[in-house]
S.K.: 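First the structure, then my questions, so here it is.
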Protein chains: 2
Amino acid sequence: MKLGQATIKDIARELNVSSSTVSRALKDYPGISDETKRKVKELADKLNYRPNAVALSLRKSKSFTIGVIIPEVVHFFFSTVISGIEEVAFANGYNVILCQTNEKLSREQSSIETMLSNQIDGFLVSFSRETTDFTHFKKLLDLGFPIVFFDRMPDLENTVNVTVNDYQGAYDAVNHLVEQGYKKIAHLSGPQNLAISKKRKEGYLDALKNAGIKPRPDWIIECPFGTEKESYDITSKLFSNSVDLPDAIFAHHDIVAAGAMMALKNLGLRIPEDVGIVGYSNWQFSSMIDPPLSTVSQPGFKIGEQSSKLLLEMINIKKDQSWDSKNIVLDTELLVRKSSVRI
Amino acid sequence: MKLGQATIKDIARELNVSSSTVSRALKDYPGISDETKRKVKELADKLNYRPNAVALSLRKSKSFTIGVIIPEVVHFFFSTVISGIEEVAFANGYNVILCQTNEKLSREQSSIETMLSNQIDGFLVSFSRETTDFTHFKKLLDLGFPIVFFDRMPDLENTVNVTVNDYQGAYDAVNHLVEQGYKKIAHLSGPQNLAISKKRKEGYLDALKNAGIKPRPDWIIECPFGTEKESYDITSKLFSNSVDLPDAIFAHHDIVAAGAMMALKNLGLRIPEDVGIVGYSNWQFSSMIDPPLSTVSQPGFKIGEQSSKLLLEMINIKKDQSWDSKNIVLDTELLVRKSSVRI
DNA sequence: TTTCCTACTGCAAACGATTGCGGCGACGTT
DNA sequence: AACGTCGCCGCAATCGTTTGCAGTAGGAAA
């Protein structure tokens with residue numbers, strides 16, 4: 001009524017036929033005369049008829065909508081992922097409904113609830129930092145509800161995940177530092193309940209090991225919040241010890257790296273001469289800071305594309321058989337900039 | 001069926017009452033015995049009953065969903081806007097469905113179509129760069145469909161818009177440079193077919209005028225692409241003249257400012273001692289570069305909040321009366337950092 | 001003329017929830 | 001004993017669309 005949108009009934013009334021006929025005529029069903037089809041289509045066109053997707057959803061219990069759950073839209077990485085998701089979804093006639101959790105578990109749960117009551121066809125999720133218990137996902141998965149996890153992998157069996165090779169990215173980054181002659185490499189790590197943080201740490205450790213460098217536990221510092229400020233403080237403290245200082249930092253993401261850089265500059269240390277530094281994720285700003293920050297680039301757009309492709313496949317086979325669990329791992333790329341090149 | 005979600009009918013059958021009774025019991029309608037209410041609620045709880053939002057949408061022709069149309073998610077500014085929108089919408093029980101146009105008009109139109117057929121309650125739009133003809137919006141507005149335009153204002157009458165005061169932001173920035181003792185202020189402007197670019201240039205000119213400084217046309221240079229590289233080249237050229245050099249730059253956005261800074265450093269000029277610089281938009285990196293860049297911050301999050309607040313109001317009065325056209329202009333904020341402070 | 005196709009079209013139920021209206025039993029009142 | 005009232009609940013329509021089944025008319029075959 002609000003829009004006075006024409007319905008099938010309107011067309012039927014006007015043409016003195018039944019709604020069934022109109023419905024069938026519009027979809028070129030056999031058993032409708034060409035004459036009727038023509039008239040129906042003409043009128044539909046004239047009235048600017050547009051099928052009511054809500055009624056369709058109700059009828060078919062399928063909404064052609066997928067729900068995306070991410071920690072924060074404003075993270076450059078996630079916005080590129082969204083972009084990829086949106087692209088594929090749109091091309092396949094699906095809508096994207098979006099919820100950000102702000103890294104809160106409670107928000108994650110309530111988002112899932114409301115999306116479910118909207119008869120979402122499937123979920124694409126990168127769960128919050130607070131999420132350590134996955135039963136809310138497990139329940140859905142057991143019912144055969146399609147979910148693809150991206151970027152962050154849950155501690156569950158038989159899930160479909162799209163991630164990047166965090167281990168390799170970290171390994172490459174640290175290895176690069178080693179090749180540049182840095183030997184005392186510290187690691188500003190992420191929260192250890194996130195698999196990605198763990199992987200990056202492993203890559204770091206293995207690269208050191210491979211270079212015959214023994215890791216120092218006091219040079220592996222967790223930055224749970226991942227803010228610039230936090231990293232600034234931690235780095236300042238780390239380098240306030242005047243005896244034995246690291247000569248390089250591998251940060252688990254670029255903001256942390258940026259905070260560290262500020263701290264180093266503030267202490268009068270030169271980058272990359274005194275301290276080399278590599279970040280992670282290739283944020284937009286990373287090439288513009290001084291010196292430009294070396295970083296590991298994650299293919300956000302591709303992650304989005306891949307995830308939604310997989311999800312759409314899962315949605316469309318759900319006759320009765322289930323799908324195989326899958327782990328798609330996309331490659332990272334090391335972008336070497338000035339912050340880590342001293343040779 | 002997919003989820004085996006319990007419906008009102010299931011509860012009714014189990015309890016040997018009618019669906020009407022269940023519905024009313026769940027909503028604490030009068031005229032239902034406490035006993036029945038108790039039993040219904042208990043069972044609903046046990047079955048994990050969740051109302052089917054799609055059925056509700058159909059019944060009430062209201063979907064509690066708003067559609068957001070933006071050029072690109074990956075622009076930091078837009079992602080902050082989305083964040084603000086999301087926040088308000090979620091708090092009011094609304095969902096956000098998202099479409100990006102990639103600055104294409106055709107995409108904008110088709111997005112609107114599909115969203116409409118999903119019985120969207122209203123639109124929040126920042127239209128594409130290609131959009132010069134607004135009839136597709138006009139049609140909806142004439143039908144009384146709620147639309148709020150943000151950031152970009154359409155050439156239509158009686159619309160509700162939320163924008164920022166670009167003129168004032170530029171004026172403040174340049175005025176700040178003047179107060180810091182800079183007298184020879186150049187402007188790296190944006191493409192002059194965009195309203196925002198023009199406004200910023202006007203603010204620049206008026207601030208100069210007000211300070212009694214005569215603008216020099218050769219110090220107002222357009223950066224049509226707005227890339228860092230472009231700005232680097234332009235700035236290098238501008239400062240290669242050894243006779244009469246500007247002592248400050250007002251850039252139409254931060255990426256351009258960053259490029260200029262790189263060029264200045266490369267020429268051995270000190271910031272802010274030799275050249276002061278102010279950018280626009282407060283990109284994420286602006287506080288992290290060296291020296292931290294003074295900039296004009298646009299309240300993206302607030303824009304999002306305001307826009308969706310307005311939209312929700314419009315959605316909820318639509319009994320029959322229309323709403324007033326409105327132009328909310330949000331203030332920018334000058335963030336003074338080191339790049340422009342020499343006193 | 002009767003029978004049987006065939007080509008069209010309509011009826012009605014269904015998806016899940018809401019809601020105006022009416023039914024029905026129990027009780028109080030006169 | 002008759003009537004009114006009140007508390008509790010169910011019927012059925014509705015939102016827009018789809019779809020299995022049944023119905024009708026016309027022509028062709030017997």
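A note on names: the letters A, B, ... follow the listed sequences, proteins ahead of strands, and every chain is numbered from 1.
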S.K.: Does the A:Ser126 side chain pair with the main chain of A:Ile70, one donor and one acceptor, at a distance under 3.5 Å?
M.R.: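 No, the answer is negative, given that no donor and acceptor are paired below the 3.5 Å cut-off.
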S.K.: Atom NZ of B:Lys27 to atom C1' of C:dG16: distance rounded to whole Å?
M.R.: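 About 13 Å, once rounded to whole Å.
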S.K.: Has the side chain of A:Ser20 got a donor or acceptor that lies under 3.5 Å from a partner of the other kind on the base of C:dC11?
M.R.: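 It does, because a donor-acceptor pair links the side chain of A:Ser20 to the base of C:dC11 below 3.5 Å.
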S.K.: Return yes if the base of D:dG10 and the side-chain atoms of B:Arg24 contain a donor-acceptor N/O pair under 3.5 Å, otherwise no.
M.R.: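 Yes.
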S.K.: Once you round it to whole Å, what is the distance between P of C:dA17 and CD of A:Gln119?
M.R.: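 Answer to the nearest Å: 9 Å.
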S.K.: Determine the contact category for A:Thr36: base if any of its heavy atoms lies under 4.0 Å from a base atom, sugar-phosphate if only primed atoms, P, OP1 or OP2 are that close, otherwise nothing.
M.R.: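 If one applies the 4.0 Å heavy-atom cut-off, A:Thr36 turns out to touch the sugar-phosphate alone, with no base involved.
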S.K.: Would you indicate what B:Pro30 reaches in the nucleic acid, counting non-hydrogen atoms under 4.0 angstrom: base, sugar-phosphate, or nothing?
M.R.: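 It contacts nothing in the nucleic acid.
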S.K.: Measure OH/A:Tyr49 against P/D:dT18 and give the value in whole Å, please.
M.R.: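 Rounding to the nearest Å, OH of A:Tyr49 and P of D:dT18 are 6 Å apart.
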S.K.: Within the structure, does a side-chain N or O atom of A:Lys9 lie under 4.0 Å from either OP1 or OP2 of D:dC15?
M.R.: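 Yes, A:Lys9 has a side-chain N/O under 4.0 Å of OP1/OP2 on D:dC15.
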S.K.: May I ask you to say what B:Val17 touches in the nucleic acid, namely base, sugar-phosphate or nothing, with a heavy-atom cut-off under 4.0 Å?
M.R.: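 It contacts sugar-phosphate atoms only.
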S.K.: Would you say NZ of A:Lys37 has more than 12 non-hydrogen atoms from neighbouring residues, nucleotides or ligands within 6.0 angstrom?
M.R.: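 More than 12 heavy atoms, drawn from other residues, nucleotides or ligands, come within 6.0 Å of this atom.
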S.K.: Ignoring backbone atoms, test whether A:Ser19 places a side-chain nitrogen or oxygen under 4.0 Å from the OP1 or OP2 oxygen of D:dT18.
M.R.: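 No, outside the criterion.
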S.K.: Would you mind reading off the distance between B:Asn118 atom CG and D:dG16 atom C1', rounded to a whole angstrom?
M.R.: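 Distance, rounded to whole Å: 14 Å.
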S.K.: Indicate yes or no for a side-chain donor-acceptor contact from A:Gln100 to the backbone of A:Val73 under 3.5 Å, with no hydrogens or angles considered.
M.R.: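 Side chain of A:Gln100 to backbone of A:Val73: a pair is present.
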S.K.: Between C:dT6 atom P and A:Ile32 atom CD1, what is the distance in whole Å?
M.R.: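 Those two atoms, CD1 and P, are 18 Å apart.
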S.K.: Tell me: CZ of B:Arg59 to P of C:dT19, nearest whole Å?
M.R.: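 Rounded to whole Å, this separation is 6 Å.
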S.K.: Provide, to the nearest angstrom, the distance between the CG atom belonging to A:Leu58 and the C1' atom belonging to C:dA13.
M.R.: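 Spelled out: CG on A:Leu58 to C1' on C:dA13 is 13 Å.
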S.K.: Keeping A:Asn102 on the side-chain end and A:Lys104 on the backbone end, is there a donor-acceptor pair under 3.5 Å?
M.R.: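 No, A:Asn102 side chain to A:Lys104 backbone: no donor-acceptor pair under 3.5 Å.
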S.K.: Aromatic contact between A:Phe134 and A:Phe127, with the criterion being ring centroids under 6.0 Å apart: yes or no?
M.R.: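 Yes; A:Phe127 has its ring centre under 6.0 Å from that of A:Phe134.
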S.K.: Once you apply a heavy-atom cut-off of 4.0 Å, does A:Asn16 come out as touching a base, just sugar-phosphate, or nothing?
M.R.: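 The residue A:Asn16 makes sugar-phosphate contact but no base contact.
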S.K.: Check the phosphate of D:dC9 against B:Thr21, side-chain N and O only, distance under 4.0 Å to OP1 or OP2. Yes or no?
M.R.: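 B:Thr21 to D:dC9 OP1/OP2: no side-chain N or O under 4.0 Å.
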S.K.: Within the modelled atom types, does a donor on one side and an acceptor on the other bring the side chain of B:Ser18 and the base of D:dC11 under 3.5 Å apart?
M.R.: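 Per atom types, no contact qualifies.
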S.K.: Whole Å only: how far is the CD1 atom of B:Ile8 from the P atom of C:dC15?
M.R.: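 Atom-to-atom, B:Ile8 to C:dC15, this comes out as 14 Å.
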S.K.: B:Asp34 or B:Ala55: which one's nearest nucleotide on DNA chain D is closer to the 5' end?
M.R.: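 That would be B:Asp34.
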